[in-house]
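All ligand and atom numbering here is 1-based and tracks the order in the structure. Index from 1, following the sequence.
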Amino acid sequence: MSIIVVGSINADLAVQVHRHPKPGETLMGSGGTITPGGKGANQAVAAALQGASVRFVGAVGNDAYATPALRCLTKSGVDLTGISHVEDTTGLAVIAISADGENTIIVIPGANAWVDAEAVKQHTTDIAAADIVLLQGEIPAEGFQAAVDAATHRVVINLAPVVPVDRDALLQADPLMANEHEAALVLQQLGHEVAEEDSKNPEKLAADLLDAGFASVVLTLGAAGALVATPEGSELVPSPKVTAVDTTGAGDAFAGALVARLDAGDSLLDAAHHAVRVAAYAVTGRGAQDSYPTRDDQLPQV
Ligand code: RIB
């Protein structure tokens with residue numbers, strides 16, 4: 001069984017602030033370290049650390065950030081033969097983390113913008129051979145569509161950030177993974193109106209996404225856990241209670257762990273029960289990939 005991630009690789013420039021600045025305001029902060037990130041790379045590393053066999057299709061630049069960006073991908077044993085080194089800067093994410101662990105993120109795509117249809121089609125054979133193709137929203141829409149078109153088995157999509165992509169390609173997701181904010185944006189992208197009260201109602205959002213044509217939906221609800229919804233019904237999967245230090249990449253830890261367990265044969269619900277514990281572990285450490293557990297680490301209990 002194997003997973004292929006077609007996605008982004010970033011160098012994360014993370015700063016800690018007491019609170020997030022208001023527009024026009026200057027605040028003093030700390031940190032400023034460069035750590036490996038990017039939603040695609042984060043999810044690939046999280047899956048590999050949970051024991052999955054993972055291949056990656058993506059790109060880094062020819063600058064000094066390429067090496068730190070690839071550090072955990074290399075160490076976790078992800079197959080990196082599908083990564084191109086292009087004449088551009090490596091993707092960069094500027095992340096501010098407040099004292100309560102919440103973050104804001106600005107992404108400069110750099111080399112990730114090179115993961116277009118032409119680049120992805122060079123890996124058609126590997127994508128077609130994978131049991132699960134895992135995608136996010138940090139590569140060009142044409143590359144995203146080419147990956148879905150090449151897939152012959154399961155496609156799992158975490159459209160974060162929510163960018164315009166081909167409707168039919170998006171509806172191949174099984175499951176679509178999203179937080180509540182992203183779920184509402186996906187519904188709007190599919191032409192559905194989302195009432196203000198519905199945008200904060202996970203059950204309604206999930207039901208509407210199933211109605212829109214997704215085979216299954218997993219909504220991540222932060223500290224509350226996740227909602228797993230299929231046409232057979234929905235179930236809330238509670239998260240262990242932990243003290244969050246840094247939520248950066250927690251959703252990616254969830255996505256990678258979920259896919260690792262699906263690939264190992266778990267049901268969607270069982271996979272989600274494991275993934276909430278991996279995500280809870282991740283928020284107790286700083287950084288994205290650096291905070292992810294291996295199979296030997298003790299996960300928090302619900
Ligand atoms: O989801 C967290 C990730 O978003 C960060 O690692 C950053 O690189 C951005 O892609």
Counting neighbours of CD on Q298 that are heavy atoms of other residues, nucleotides or ligands and sit closer than 6.0 Å, is the number greater than 12?
no

Pairing residues for R71 by the side-chain hydrogen bond (donor to acceptor under 3.5 Å, both in side chains) criterion, not counting sequence neighbours:
D290

Could you go through ligand 1 and note, for every N or O atom, any protein N or O atom closer than 3.5 angstrom, writing the atom names and distance to 0.1 Å, or 'none'?
| residue | atom | partner | partner atom | Å |
| --- | --- | --- | --- | --- |
| ligand 1 | 1 (O) | K39 | NZ | 2.9 |
| ligand 1 | 1 (O) | D252 | OD2 | 2.7 |
| ligand 1 | 4 (O) | K39 | NZ | 3.1 |
| ligand 1 | 6 (O) | D12 | OD1 | 3.4 |
| ligand 1 | 6 (O) | D12 | OD2 | 2.6 |
| ligand 1 | 6 (O) | G38 | N | 3.1 |
| ligand 1 | 6 (O) | N42 | ND2 | 3.0 |
| ligand 1 | 8 (O) | N10 | ND2 | 3.0 |
| ligand 1 | 8 (O) | D12 | OD1 | 2.6 |
| ligand 1 | 8 (O) | G38 | N | 2.8 |
| ligand 1 | 10 (O) | N10 | ND2 | 3.1 |
| ligand 1 | 10 (O) | K39 | N | 3.4 |
| ligand 1 | 10 (O) | E138 | OE1 | 3.0 |
| ligand 1 | 10 (O) | E138 | OE2 | 2.7 |

Excluding Y281, membership of its hydrophobic cluster (Ile, Leu, Val, Met, Phe, Trp, Tyr; side-chain heavy atoms within less than 4.5 Å) reads V278, L299

Check: D246 side chain, T248 main-chain N or O, donor-acceptor pair, under 3.5 Å
yes

Polar contact flag, side-chain donor to acceptor under 3.5 angstrom, S98-D100:
yes

Any pair with a residue in residues 139-161 that passes side chain to side chain donor-acceptor pair (under 3.5 Å), sequence neighbours left out, goes on the list, sorted by first then second residue, please.
Q43-N158

